[in-house]
Amino acid sequence: MKRLNLITCVLLLLSALVSQAAERRVVVIFAQFQDLSFKYGSKDFSSFTDSLSMYFNAQYHGAATFRFDRGPVVTLSRAHSYYGNNTTSRNDALMYQGVEEACRLASDSLRFSDYSNGSATTVKDVLIMVPGMSEPNSGKSDLFWPQYVSLTDRGSNLVLDNRRITEYGLACELGPDGRFAGIGDMAHEYGHILGLKDLYDTDGEGSGGLSRALWGRFSLMDKGNTNNGGHTPPNFCAAELFTLGIGKGEEITKPGIYTLSPIEQEGRYFIFRDSEGDDVFLAECRQENGWDSHIGGGGLLIYHYDNSDGDALWSDYYSTRLTAAERWERNQINCNPAHQCVELEASATDYPFFPNGTRTEFTSETTPAFRFWNGADNPYAISAIRRNWDGKVVFRLVRPITITDSYSFQNSISIQWECDSGIAGDIDSCRVACYNGVHLVSMNDAEHNGPLSWGCAVNGLSPSTAYSLKIYLYNDGKVMFSSESSYTTLPERKGIFPFIYLNYAGRRPDGSFPRDTSIPLQVFNSTGARNIVWFYDNVLIAPGPDGRFTLQTSGTLQAEISWSDGSKDVITKKITVK
């Protein structure tokens with residue numbers, strides 16, 4: 001029994017140590033000035049830090065716990081305008097000196113080492129509240145902007161309790177209504193300390209105009225910090241959770257029915273990646289409740305999140321084109337409206353949620369489209385989106401088109417595919433567009449080969465040439481889904497007489513074919529032929545739109561080739577079916 005008690009004690013101790021290590025402590029220092037003091041006091045300050053703790057603990061869903069401590073009220077040595085005046089290159093140019101002074105004064109009553117959160121050398125979890133209204137709300141240039149600042153970048157080398165203070169976030173005491181502020185601004189600035197970037201358009205009308213970004217209200221790092229006058233910032237959206245690597249992000253690729261609970265409940269969201277993994281779509285469920293009480297609706301929200309090395313267009317601020325990855329590095333994420341690197345996928349309405357009236361699908365053919373920035377189709381589609389009475393969202397993930405067979409010949413490409421069973425009944429026709437680069441070569445009707453299967457042969461092509469085929473699925477004359485793939489035709493073999501080409505036809509090792517084998521009607525080295533007529537046991541046959549003929553019995557396959565000079569060649573091939 002003593003041994004069991006000892007083990008139990010050790011386990012409890014380890015559990016306590018793990019819990020302690022997971023807790024992140026943050027200090028909020030209240031810094032006033034010689035000529036500007038706080039209107040509110042300790043009770044309001046305590047409520048403020050308690051609300052910050054509640055908010056961030058709710059966002060991390062147990063991945064970490066936060067404790068925001070009410071630090072001391074300190075009075076700086078100068079008037080507020082000394083710290084708050086702006087220069088041509090920087091707002092509140094000397095406030096970093098005020099933060100240094102505030103930390104020194106606060107060190108008389110707190111230990112900064114308590115806020116190092118595992119670091120033996122640095123402290124970055126420092127927040128500052130200053131009295132008065134913010135500069136953007138008051139219009140007074142000597143007051144303060146909410147801000148996140150790297151003290152290291154300012155050349156500061158403030159060391160307290162053997163820890164260097166490296167950064168801070170700052171917000172103001174009074175909200176836009178002149179009453180005590182909500183936590184929104186401070187939460188936004190602390191988001192930067194955690195590693196989040198601004199998701200609003202940080203260069204305003206520059207770089208092509210003002211981006212809509214995340215519509216303001218849906219993201220703390222857009223302008224959701226102002227929801228309800230700053231008192232009710234929204235829950236972290238999927239893009240913020242994904243950036244921090246927290247929440248329950250789940251990559252899904254298996255077709256089926258999926259359900260998402262509101263993100264406030266467990267931080268769950270879905271991920272759809274491109275082949276490189278840096279251009280993704282994120283899907284989440286939101287509802288007007290709790291921290292999301294002021295987002296203006298509920299349902300499925302979909303984000304396009306780009307952190308790739310692809311071109312993300314011009315930046316006025318840097319006077320150059322930036323990649324998406326560079327936009328993340330430089331906090332220019334949503335500055336160019338033509339390529340937002342976190343974009344809310346919504347049509348030009350004021351309600352971005354799915355479902356919205358008849359908007360119950362997100363596919364390669366919807367507006368906006370389920371396509372990556374490099375132009376590649378997403379192989380999946382989200383359909384039949386509905387919202388349950390309990391706020392959960394349900395949808396069907398389908399892979400509309402799965403290519404089952406494709407062969408390149410010298411003058412044609414044969415392709416077969418299956419439609420997802422969840423949407424096959426809605427498809428009444430299919431067509432295949434053939435492109436040589438950006439030029440449309442032909443548009444071809446496909447043949448319905450079975451409940452789910454379709455096929456098409458694209459003829460009249462040139463040897464040794466790259467083509468792309470784009471399959472379109474139609475319902476009542478409207479394109480519902482599409483998929484694109486690339487092929488290169490075979491080279492022409494000089495000096496070899498034309499022959500019937502059955503290399504891809506599924507022959508057995510003994511040369512025979514199973515019954516119902518579908519063979520391509522192709523003659524190799526027939527480039528330049530005016531016409532080819534096919535016979536099977538002297539009976540005229542014709543390939544279907546998929547360019548194939550189905551074998552039922554043994555016989556003789558014959559191709560009669562007519563050349564442009566008026567000559568003819570006849571080629572025969574014995575076929576054994578068993």
Side-chain angles (χ1 to χ4, degrees), residues 212-215 218-219 237-239 241-242 249-263 268-275 279-287 295-306 339-388 391-402 419-427 470-476 478-484:
R212 194 162 193 181
L214 300 190
W215 296 34
F218 295 110
S219 163
C237 69
L241 296 173
F242 184 74
E250 180 183 346
E251 186 171 357
I252 58 173
T253 58
K254 183 178 180 181
I257 304 296
Y258 289 87
T259 301
L260 270 176
S261 299
I263 205 162
R268 186 168 178 242
Y269 59 97
F270 292 144
I271 305 167
F272 307 90
R273 296 183 187 272
D274 71 346
S275 59
D279 185 358
V280 304
F281 287 89
L282 307 171
E284 68 180 10
C285 175
R286 304 284 283 271
Q287 68 173 344
I295 63 172
L300 187 73
L301 291 181
I302 300 172
Y303 304 89
H304 195 173
Y305 183 111
D306 187 12
H339 192 128
Q340 299 179 119
C341 293
V342 179
E343 184 173 60
L344 186 58
E345 295 295 89
S347 60
T349 71
D350 290 327
Y351 195 79
F353 297 98
F354 294 88
N356 180 9
T358 59
R359 292 178 62 240
T360 61
E361 294 182 322
F362 183 59
T363 79
S364 60
E365 297 303 319
T366 55
T367 302
F370 206 175
R371 298 177 187 272
F372 297 108
W373 280 110
N374 64 5
D377 297 333
N378 193 309
Y380 300 96
I382 298 172
S383 68
I385 305 167
R386 71 176 190 272
R387 190 179 181 209
N388 289 346
K392 294 180 181 178
V393 167
V394 181
F395 64 84
R396 178 187 292 275
L397 183 70
V398 299
R399 187 174 182 122
I401 299 168
T402 299
C419 297
D420 189 285
S421 60
I423 55 98
D426 298 327
I427 304 305
K470 189 158 190 176
I471 302 169
Y472 292 99
L473 309 188
Y474 291 82
N475 175 268
D476 196 24
K478 178 183 176 182
V479 177
M480 301 297 293
F481 306 99
S482 68
S483 178
E484 189 168 359

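Remember, it's a predicted structure, so these values are computed and weren't measured experimentally.
Here the straight-line distance linking atom CD1 of Ile427 with atom CG of Leu473 works out to 4.5 Å at 0.5 Å rounding. Asp377 contributes atom CG, which lies 9.5 Å from atom OG1 of Thr363 (distance to the nearest 0.5 angstrom). The CZ atom of Phe354 lies 13.5 Å from the SG atom of Cys285; values are rounded to the nearest 0.5 Å. In this structure, CZ on Arg386 lies 11.5 Å from OG1 on Thr360, to the nearest 0.5 angstrom. Note that the CD1 atom of Ile252 and the CD1 atom of Ile271 stand 9.5 Å from one another [nearest 0.5 Å]. Between Asn356 atom CG and Ile385 atom CD1 the span is 10.5 Å, to the nearest 0.5 Å.
Heavy atoms only, all atoms of each residue included: Leu300 and Ala283 are closest at CD1-CB, 4.2 Å. Nearest heavy atoms, Pro255 versus Val398: CB-CA, 4.4 Å. Across all their heavy atoms, Leu397 and Lys254 have their closest contact at CD2-O, 3.7 Å. The two atoms that bring Arg286 and Ile295 nearest to each other are CB-CD1, 3.7 Å, heavy atoms only. Taking both residues in full, the closest heavy atoms of Leu214 and Ser219 are given as CD1-CB, 3.6 Å, listed atom of the first, atom of the second, then distance. Shortest non-hydrogen contact noted between Glu361 and Thr366 is O-CG2, 3.7 Å.
Side-chain atoms of Asp306 never come within 3.5 Å of backbone atoms of Trp373 as a donor-acceptor pair (strictly under, hydrogens ignored). Between the side chain of Glu284 and the main chain of Ala238, a donor-acceptor pair closer than 3.5 Å is present.
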Practice task
Apply the test side chain to side chain contact (heavy atoms under 4.5 Å, CB included) to residues Glu365 and Lys478: give CA-CA distance (whole Å), side-chain angles for both, the deciding distance (0.1 Å), then the verdict.
Solution key: CA-CA 10 Å; Glu365 297 303 319; Lys478 178 183 176 182; over 6 Å; no

Exercise for the section: Please report the C-alpha distance between Phe242 and Val280 in whole Å, then the side-chain angles of each, then the deciding distance to 0.1 Å, and finally whether the side chain to side chain contact (heavy atoms under 4.5 Å, CB included) criterion is met. Expected result: CA-CA 10 Å; Phe242 184 74; Val280 304; 4.1 Å; yes

Exercise for the section: Using the side chain to side chain contact (heavy atoms under 4.5 Å, CB included) rule, take Ser482 and Arg371 through it: C-alpha gap first, then chi angles, then the decisive distance, then the call. Expected result: CA-CA 11 Å; Ser482 68; Arg371 298 177 187 272; 3.6 Å; yes

Practice task
Check step by step if side chain to side chain contact (heavy atoms under 4.5 Å, CB included) holds for Cys237 and Leu301.
Solution key: CA-CA 9 Å; Cys237 69; Leu301 291 181; over 6 Å; no

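Counted within 6.0 Å of NZ on Lys470, heavy atoms from surrounding residues, nucleotides or ligands total more than 12; the atom is thus considered enclosed.
When each of Tyr305, Phe372, Phe270, Tyr303 is paired with Phe281, the ring pair (Phe, Tyr, Trp, His ring centres under 6.0 Å) condition holds for Phe372 and for no other.
Separation of the Phe272 and Phe370 ring centroids falls under the 6.0 Å cut-off.
Between Leu241 and Ile263, some side-chain heavy-atom pair lies under the 4.5 Å cut-off. The shortest side-chain heavy-atom distance between Cys419 and Phe481 does not fall under the 4.5 Å cut-off.
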